[in-house]
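Here's the structure we're looking at; comments come further down.
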Amino acid sequence: MSKPETEPVLSVRDLVVQFPTRRSVLTAVDSISFDVAPGEVVGLVGESGAGKSMTGAAIINLIEPPGHIAGGEIRLNGERIDNLSQEDMRKVRGKRISMVFQDPLTSLNPLYRIGEQLVETILTHLPVSPEDARHRAIALLEEVGIPAAASRIDAYPHEFSGGMRQRVVIALALCAEPDLVIADEPTTALDVSVQAQIITLLKRLCSERGMAVVLITHDMGVIAETADRVAVMYAGRLAEIGPVRDVIKSAKHPYTAGLMGSIPSLEAEVSRLVQIPGSMPRLTAIPSGCAFHPRCEQAFARCRTERPQIIKTDSNDVACWLHETVPAP
Ligand code: SF4
(Lines give C-alpha, C1' and ligand atoms only; values in the text may rest on other atoms or scores of the structure.)
Protein backbone atom coordinates (compact mmCIF):
# COMPACT_ATOMS: atom_id res chain seq x y z
CA MET A 1 0.00 0.00 0.00
CA SER A 2 1.46 3.39 -0.90
CA LYS A 3 1.26 4.99 2.54
CA PRO A 4 0.59 8.65 3.14
CA GLU A 5 3.82 10.41 4.16
CA THR A 6 2.23 12.45 6.95
CA GLU A 7 0.88 10.97 10.20
CA PRO A 8 -2.51 9.52 9.22
CA VAL A 9 -5.68 11.02 10.67
CA LEU A 10 -7.29 7.60 10.58
CA SER A 11 -5.47 4.33 10.87
CA VAL A 12 -7.36 1.03 10.67
CA ARG A 13 -5.34 -2.10 11.40
CA ASP A 14 -6.52 -5.70 10.97
CA LEU A 15 -10.11 -4.71 11.77
CA VAL A 16 -12.48 -7.63 12.31
CA VAL A 17 -16.25 -7.20 12.82
CA GLN A 18 -18.26 -10.26 13.78
CA PHE A 19 -21.88 -11.20 14.41
CA PRO A 20 -22.46 -14.19 16.67
CA THR A 21 -25.50 -16.26 15.67
CA ARG A 22 -27.04 -19.30 17.30
CA ARG A 23 -25.11 -21.61 15.01
CA SER A 24 -21.87 -19.81 14.26
CA VAL A 25 -20.01 -16.52 14.16
CA LEU A 26 -20.32 -14.48 10.97
CA THR A 27 -17.40 -12.29 9.95
CA ALA A 28 -18.63 -9.14 8.17
CA VAL A 29 -15.25 -7.35 8.10
CA ASP A 30 -12.23 -9.58 7.94
CA SER A 31 -8.77 -8.12 8.72
CA ILE A 32 -9.05 -4.78 6.92
CA SER A 33 -6.16 -2.28 7.14
CA PHE A 34 -5.87 1.19 5.64
CA ASP A 35 -4.81 4.76 6.52
CA VAL A 36 -6.26 8.15 5.62
CA ALA A 37 -3.98 11.21 5.64
CA PRO A 38 -5.04 14.83 6.29
CA GLY A 39 -6.60 16.29 3.14
CA GLU A 40 -7.03 12.86 1.59
CA VAL A 41 -10.18 11.15 0.31
CA VAL A 42 -10.00 7.38 0.56
CA GLY A 43 -12.82 5.54 -1.15
CA LEU A 44 -14.20 2.25 0.12
CA VAL A 45 -15.89 0.59 -2.80
CA GLY A 46 -17.63 -2.71 -3.43
CA GLU A 47 -21.00 -4.26 -4.14
CA SER A 48 -23.75 -4.44 -1.56
CA GLY A 49 -22.64 -6.78 1.24
CA ALA A 50 -18.92 -6.18 0.70
CA GLY A 51 -18.52 -4.82 4.25
CA LYS A 52 -17.82 -1.19 3.37
CA SER A 53 -20.65 0.39 5.40
CA MET A 54 -19.88 -2.00 8.25
CA THR A 55 -16.29 -0.73 8.21
CA GLY A 56 -17.63 2.85 8.43
CA ALA A 57 -19.95 1.87 11.28
CA ALA A 58 -17.02 0.26 13.12
CA ILE A 59 -14.94 3.45 12.83
CA ILE A 60 -17.69 5.48 14.50
CA ASN A 61 -18.55 2.62 16.86
CA LEU A 62 -22.16 2.34 15.73
CA ILE A 63 -22.40 -1.35 14.90
CA GLU A 64 -25.81 -2.82 15.65
CA PRO A 65 -25.51 -5.40 18.46
CA PRO A 66 -24.85 -8.29 18.60
CA GLY A 67 -22.28 -7.23 16.01
CA HIS A 68 -19.03 -6.02 17.52
CA ILE A 69 -15.39 -5.30 16.79
CA ALA A 70 -13.72 -8.64 17.39
CA GLY A 71 -10.16 -7.71 16.53
CA GLY A 72 -7.74 -5.07 15.32
CA GLU A 73 -7.31 -1.39 16.14
CA ILE A 74 -8.73 1.94 14.99
CA ARG A 75 -6.69 5.07 15.71
CA LEU A 76 -7.65 8.71 15.27
CA ASN A 77 -4.57 10.94 15.14
CA GLY A 78 -2.61 8.16 16.80
CA GLU A 79 -5.07 7.60 19.66
CA ARG A 80 -7.02 4.34 19.89
CA ILE A 81 -10.77 4.87 19.60
CA ASP A 82 -12.05 1.32 19.11
CA ASN A 83 -11.91 0.61 22.85
CA LEU A 84 -13.54 3.83 24.12
CA SER A 85 -16.66 3.74 26.28
CA GLN A 86 -19.93 4.68 24.57
CA GLU A 87 -19.87 8.02 26.38
CA ASP A 88 -16.31 8.88 25.30
CA MET A 89 -17.10 7.74 21.78
CA ARG A 90 -20.15 10.01 21.68
CA LYS A 91 -17.79 12.94 22.30
CA VAL A 92 -15.55 11.81 19.43
CA ARG A 93 -18.53 11.45 17.08
CA GLY A 94 -19.82 14.82 16.10
CA LYS A 95 -16.72 16.65 17.29
CA ARG A 96 -13.72 14.85 15.77
CA ILE A 97 -15.56 12.57 13.37
CA SER A 98 -18.63 13.67 11.39
CA MET A 99 -20.90 11.64 9.19
CA VAL A 100 -22.76 12.35 5.95
CA PHE A 101 -25.34 9.73 4.98
CA GLN A 102 -27.30 9.05 1.78
CA ASP A 103 -30.53 10.42 3.22
CA PRO A 104 -30.11 14.01 4.48
CA LEU A 105 -33.07 13.51 6.80
CA THR A 106 -30.98 11.03 8.81
CA SER A 107 -28.96 14.05 9.96
CA LEU A 108 -31.50 16.90 9.76
CA ASN A 109 -34.53 17.20 12.02
CA PRO A 110 -37.47 18.20 9.78
CA LEU A 111 -39.13 20.10 12.65
CA TYR A 112 -36.35 22.64 13.17
CA ARG A 113 -35.02 25.41 10.96
CA ILE A 114 -31.61 24.50 9.56
CA GLY A 115 -30.06 27.51 11.30
CA GLU A 116 -31.20 26.25 14.71
CA GLN A 117 -29.60 22.87 14.01
CA LEU A 118 -26.34 24.37 12.78
CA VAL A 119 -26.09 26.88 15.63
CA GLU A 120 -26.86 24.24 18.26
CA THR A 121 -24.16 21.93 16.87
CA ILE A 122 -21.61 24.75 16.78
CA LEU A 123 -22.44 25.78 20.36
CA THR A 124 -22.14 22.16 21.53
CA HIS A 125 -18.64 21.80 20.17
CA LEU A 126 -16.98 25.21 19.96
CA PRO A 127 -16.46 27.89 22.65
CA VAL A 128 -18.28 30.69 20.83
CA SER A 129 -21.21 33.01 21.60
CA PRO A 130 -24.67 32.35 20.06
CA GLU A 131 -24.15 35.39 17.82
CA ASP A 132 -20.78 34.11 16.59
CA ALA A 133 -22.30 30.67 16.10
CA ARG A 134 -24.94 32.15 13.79
CA HIS A 135 -22.27 34.00 11.80
CA ARG A 136 -20.30 30.79 11.52
CA ALA A 137 -23.41 28.90 10.39
CA ILE A 138 -24.05 31.44 7.63
CA ALA A 139 -20.40 31.28 6.55
CA LEU A 140 -20.59 27.47 6.42
CA LEU A 141 -23.76 27.58 4.31
CA GLU A 142 -21.98 29.97 1.95
CA GLU A 143 -18.96 27.68 1.88
CA VAL A 144 -21.08 24.72 0.78
CA GLY A 145 -22.80 26.80 -1.91
CA ILE A 146 -26.23 27.67 -0.46
CA PRO A 147 -27.34 30.84 -2.26
CA ALA A 148 -28.59 33.74 -0.07
CA ALA A 149 -27.36 31.87 3.00
CA ALA A 150 -28.16 34.76 5.38
CA SER A 151 -31.89 34.40 4.68
CA ARG A 152 -32.04 30.68 3.84
CA ILE A 153 -30.61 29.86 7.26
CA ASP A 154 -34.13 30.31 8.70
CA ALA A 155 -35.73 27.83 6.30
CA TYR A 156 -36.83 24.29 7.21
CA PRO A 157 -35.19 21.21 5.63
CA HIS A 158 -38.22 20.49 3.41
CA GLU A 159 -37.83 23.91 1.78
CA PHE A 160 -34.59 22.76 0.10
CA SER A 161 -34.12 20.49 -2.93
CA GLY A 162 -32.40 17.12 -2.40
CA GLY A 163 -29.02 18.43 -3.55
CA MET A 164 -29.26 21.61 -1.45
CA ARG A 165 -30.32 19.55 1.57
CA GLN A 166 -27.23 17.38 1.16
CA ARG A 167 -25.15 20.59 1.08
CA VAL A 168 -26.78 21.62 4.38
CA VAL A 169 -25.88 18.20 5.82
CA ILE A 170 -22.28 18.73 4.74
CA ALA A 171 -22.32 22.16 6.44
CA LEU A 172 -23.68 20.44 9.56
CA ALA A 173 -20.88 17.88 9.37
CA LEU A 174 -18.33 20.71 9.26
CA CYS A 175 -19.75 22.64 12.25
CA ALA A 176 -17.41 21.11 14.82
CA GLU A 177 -14.38 21.34 12.49
CA PRO A 178 -13.85 17.57 12.47
CA ASP A 179 -10.61 15.80 11.60
CA LEU A 180 -12.44 13.04 9.76
CA VAL A 181 -15.67 12.88 7.74
CA ILE A 182 -17.26 9.55 6.89
CA ALA A 183 -19.53 9.92 3.89
CA ASP A 184 -21.69 6.84 3.22
CA GLU A 185 -23.22 6.93 -0.27
CA PRO A 186 -23.57 10.74 -0.01
CA THR A 187 -24.63 11.21 -3.64
CA THR A 188 -26.56 8.02 -4.37
CA ALA A 189 -30.02 9.60 -4.01
CA LEU A 190 -29.17 12.61 -6.20
CA ASP A 191 -29.41 13.38 -9.95
CA VAL A 192 -26.18 12.88 -11.86
CA SER A 193 -25.51 16.61 -12.31
CA VAL A 194 -26.16 17.32 -8.62
CA GLN A 195 -23.97 14.33 -7.73
CA ALA A 196 -21.08 15.94 -9.58
CA GLN A 197 -21.56 19.21 -7.65
CA ILE A 198 -21.60 17.45 -4.28
CA ILE A 199 -18.52 15.43 -5.22
CA THR A 200 -16.64 18.58 -6.24
CA LEU A 201 -17.71 20.23 -2.99
CA LEU A 202 -16.55 17.34 -0.79
CA LYS A 203 -13.24 17.19 -2.58
CA ARG A 204 -12.64 20.93 -2.30
CA LEU A 205 -13.54 21.04 1.40
CA CYS A 206 -11.30 18.08 2.10
CA SER A 207 -8.21 19.69 0.56
CA GLU A 208 -8.93 23.25 1.79
CA ARG A 209 -9.62 22.19 5.37
CA GLY A 210 -7.07 19.37 5.52
CA MET A 211 -9.80 16.96 6.65
CA ALA A 212 -9.56 13.25 6.03
CA VAL A 213 -12.56 11.76 4.23
CA VAL A 214 -13.66 8.13 4.01
CA LEU A 215 -16.04 7.91 1.07
CA ILE A 216 -18.17 4.76 1.04
CA THR A 217 -19.89 3.96 -2.24
CA HIS A 218 -20.84 1.17 -4.61
CA ASP A 219 -20.17 3.54 -7.53
CA MET A 220 -16.73 3.31 -9.07
CA GLY A 221 -17.50 6.46 -11.11
CA VAL A 222 -17.90 8.49 -7.90
CA ILE A 223 -14.62 7.08 -6.62
CA ALA A 224 -12.87 7.95 -9.88
CA GLU A 225 -14.03 11.57 -9.58
CA THR A 226 -13.41 12.07 -5.88
CA ALA A 227 -10.94 9.75 -4.19
CA ASP A 228 -7.16 10.00 -3.94
CA ARG A 229 -6.85 6.35 -3.03
CA VAL A 230 -9.33 3.53 -3.21
CA ALA A 231 -9.78 0.36 -1.19
CA VAL A 232 -11.82 -2.26 -3.02
CA MET A 233 -13.70 -4.61 -0.69
CA TYR A 234 -15.09 -8.06 -1.41
CA ALA A 235 -16.84 -10.36 1.07
CA GLY A 236 -15.57 -8.33 4.04
CA ARG A 237 -11.97 -8.39 2.85
CA LEU A 238 -9.69 -5.98 1.03
CA ALA A 239 -9.21 -7.08 -2.56
CA GLU A 240 -7.04 -4.17 -3.69
CA ILE A 241 -5.87 -0.78 -2.43
CA GLY A 242 -3.87 1.95 -4.11
CA PRO A 243 -3.86 5.41 -5.71
CA VAL A 244 -7.11 5.80 -7.61
CA ARG A 245 -5.45 6.48 -10.97
CA ASP A 246 -3.32 3.31 -10.71
CA VAL A 247 -6.28 1.19 -9.69
CA ILE A 248 -8.36 2.56 -12.56
CA LYS A 249 -5.59 2.36 -15.18
CA SER A 250 -4.20 -0.98 -14.18
CA ALA A 251 -6.52 -2.86 -11.86
CA LYS A 252 -4.62 -5.87 -10.59
CA HIS A 253 -7.41 -7.83 -8.90
CA PRO A 254 -9.85 -9.54 -11.30
CA TYR A 255 -12.76 -8.24 -9.17
CA THR A 256 -11.52 -4.64 -9.42
CA ALA A 257 -11.08 -5.09 -13.16
CA GLY A 258 -14.74 -6.16 -13.28
CA LEU A 259 -15.85 -3.12 -11.27
CA MET A 260 -13.83 -0.87 -13.61
CA GLY A 261 -15.94 -2.17 -16.43
CA SER A 262 -18.89 -0.59 -14.66
CA ILE A 263 -17.69 3.01 -15.02
CA PRO A 264 -19.84 4.52 -17.77
CA SER A 265 -17.57 5.90 -20.47
CA LEU A 266 -18.70 9.39 -21.44
CA GLU A 267 -16.13 9.72 -24.23
CA ALA A 268 -17.31 6.62 -26.00
CA GLU A 269 -20.90 7.83 -25.57
CA VAL A 270 -21.82 4.31 -24.65
CA SER A 271 -22.10 2.87 -21.26
CA ARG A 272 -19.54 0.13 -20.65
CA LEU A 273 -21.71 -1.42 -18.01
CA VAL A 274 -20.26 -4.82 -17.43
CA GLN A 275 -21.85 -7.31 -15.10
CA ILE A 276 -19.53 -9.55 -13.16
CA PRO A 277 -21.15 -12.98 -13.40
CA GLY A 278 -22.50 -14.31 -10.11
CA SER A 279 -23.11 -12.38 -6.91
CA MET A 280 -21.42 -11.46 -3.64
CA PRO A 281 -21.49 -14.48 -1.29
CA ARG A 282 -23.65 -14.37 1.84
CA LEU A 283 -21.84 -14.09 5.16
CA THR A 284 -23.01 -17.59 5.96
CA ALA A 285 -21.35 -19.01 2.87
CA ILE A 286 -18.00 -17.28 2.26
CA PRO A 287 -16.13 -19.56 -0.15
CA SER A 288 -12.88 -21.18 0.97
CA GLY A 289 -9.53 -19.79 -0.17
CA CYS A 290 -10.02 -16.60 -2.20
CA ALA A 291 -13.63 -15.56 -1.57
CA PHE A 292 -13.88 -14.39 -5.20
CA HIS A 293 -12.86 -17.73 -6.73
CA PRO A 294 -16.36 -18.94 -7.77
CA ARG A 295 -16.73 -15.75 -9.88
CA CYS A 296 -13.16 -15.43 -11.10
CA GLU A 297 -12.31 -16.39 -14.66
CA GLN A 298 -8.64 -16.68 -13.75
CA ALA A 299 -9.04 -18.91 -10.69
CA PHE A 300 -6.72 -21.88 -10.38
CA ALA A 301 -6.40 -24.72 -7.88
CA ARG A 302 -4.62 -22.78 -5.12
CA CYS A 303 -7.36 -20.09 -5.13
CA ARG A 304 -9.90 -22.63 -3.89
CA THR A 305 -7.95 -23.64 -0.81
CA GLU A 306 -5.58 -20.82 0.26
CA ARG A 307 -6.68 -17.32 1.12
CA PRO A 308 -4.41 -14.70 -0.51
CA GLN A 309 -3.07 -12.04 1.87
CA ILE A 310 -2.38 -8.50 0.65
CA ILE A 311 0.65 -8.60 -1.64
CA LYS A 312 2.61 -5.34 -1.99
CA THR A 313 3.44 -4.27 -5.51
CA ASP A 314 5.07 -1.07 -6.77
CA SER A 315 1.64 0.58 -7.20
CA ASN A 316 -1.55 -1.00 -5.86
CA ASP A 317 -1.47 -3.70 -3.23
CA VAL A 318 -3.62 -6.67 -4.05
CA ALA A 319 -4.94 -9.86 -2.47
CA CYS A 320 -4.63 -12.20 -5.44
CA TRP A 321 -2.34 -15.16 -6.07
CA LEU A 322 -1.72 -14.00 -9.64
CA HIS A 323 0.55 -11.29 -8.22
CA GLU A 324 2.68 -13.38 -5.93
CA THR A 325 6.29 -13.03 -6.97
CA VAL A 326 8.47 -16.02 -6.27
CA PRO A 327 11.66 -14.88 -4.50
CA ALA A 328 14.82 -15.43 -6.51
CA PRO A 329 16.76 -18.52 -5.38
FE1 SF4 B 1 -8.99 -14.95 -8.96
FE2 SF4 B 1 -7.34 -16.58 -7.66
FE3 SF4 B 1 -6.80 -14.01 -7.79
FE4 SF4 B 1 -8.80 -14.89 -6.29
S5 SF4 B 1 -6.63 -15.32 -5.99
S6 SF4 B 1 -8.86 -13.15 -7.65
S7 SF4 B 1 -9.59 -16.55 -7.54
S8 SF4 B 1 -6.88 -15.45 -9.51
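Read the numbers this way: they start at 1 and go in the same order the structure lists the ligands and their atoms.
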**Between Glu116 and Tyr156, a side-chain donor and acceptor under 3.5 Å** = no
**Message:** With respect to atom 2 (Fe) of ligand 1, please indicate if Cys303 possesses an N, O or S atom at a distance under 2.8 Å.
**Reply:** yes
**Item:** Heavy-atom donor-acceptor pair, Ser85 side chain to Asp88 backbone, under 3.5 Å
**Value:** yes
**Prompt:** Quick one: do the Asp184 and Ser53 side chains pair a donor with an acceptor below 3.5 Å?
**Reply:** yes
**Where ligand 1 meets Leu322 - atom numbers and elements under 4.0 angstrom, heavy-atom basis** = 8 (S)
**Prompt:** Are His293 and Ser288 side-chain neighbours, meaning at least one heavy-atom pair lies under 4.5 Å?
**Reply:** yes
**Asked** For Ile146, does its backbone N or O pair with a side-chain atom of Arg167 as donor and acceptor, under 3.5 Å?
**Response** no
**Prompt:** Does Cys290 bring an N, O or S atom to within less than 2.8 Å of atom 3 (Fe) of ligand 1?
**Reply:** no
**Nearest protein heavy atom with distance in Å, relative to atom 5 (S) of ligand 1** = Trp321 N, 3.3 Å
**Message:** Quick one: does any side-chain atom of Asp82 pair with a main-chain N or O of Ile74 as donor and acceptor, under 3.5 Å?
**Reply:** yes
**Complete:** Within 4.0 Å of some non-hydrogen atom of Cys296, the atoms of ligand 1 are 1 (Fe), 6 (S), 7 (S), 8 (S)
**Asked** Where on His253 is there a heavy atom closer than 4.0 Å to ligand 1, on the side chain, on the backbone, on both, or on neither?
**Response** side chain
**Message:** Side chain, backbone, both or neither: which applies to Cys320 and ligand 1 if a contact is any heavy-atom pair less than 4.0 Å apart?
**Reply:** both
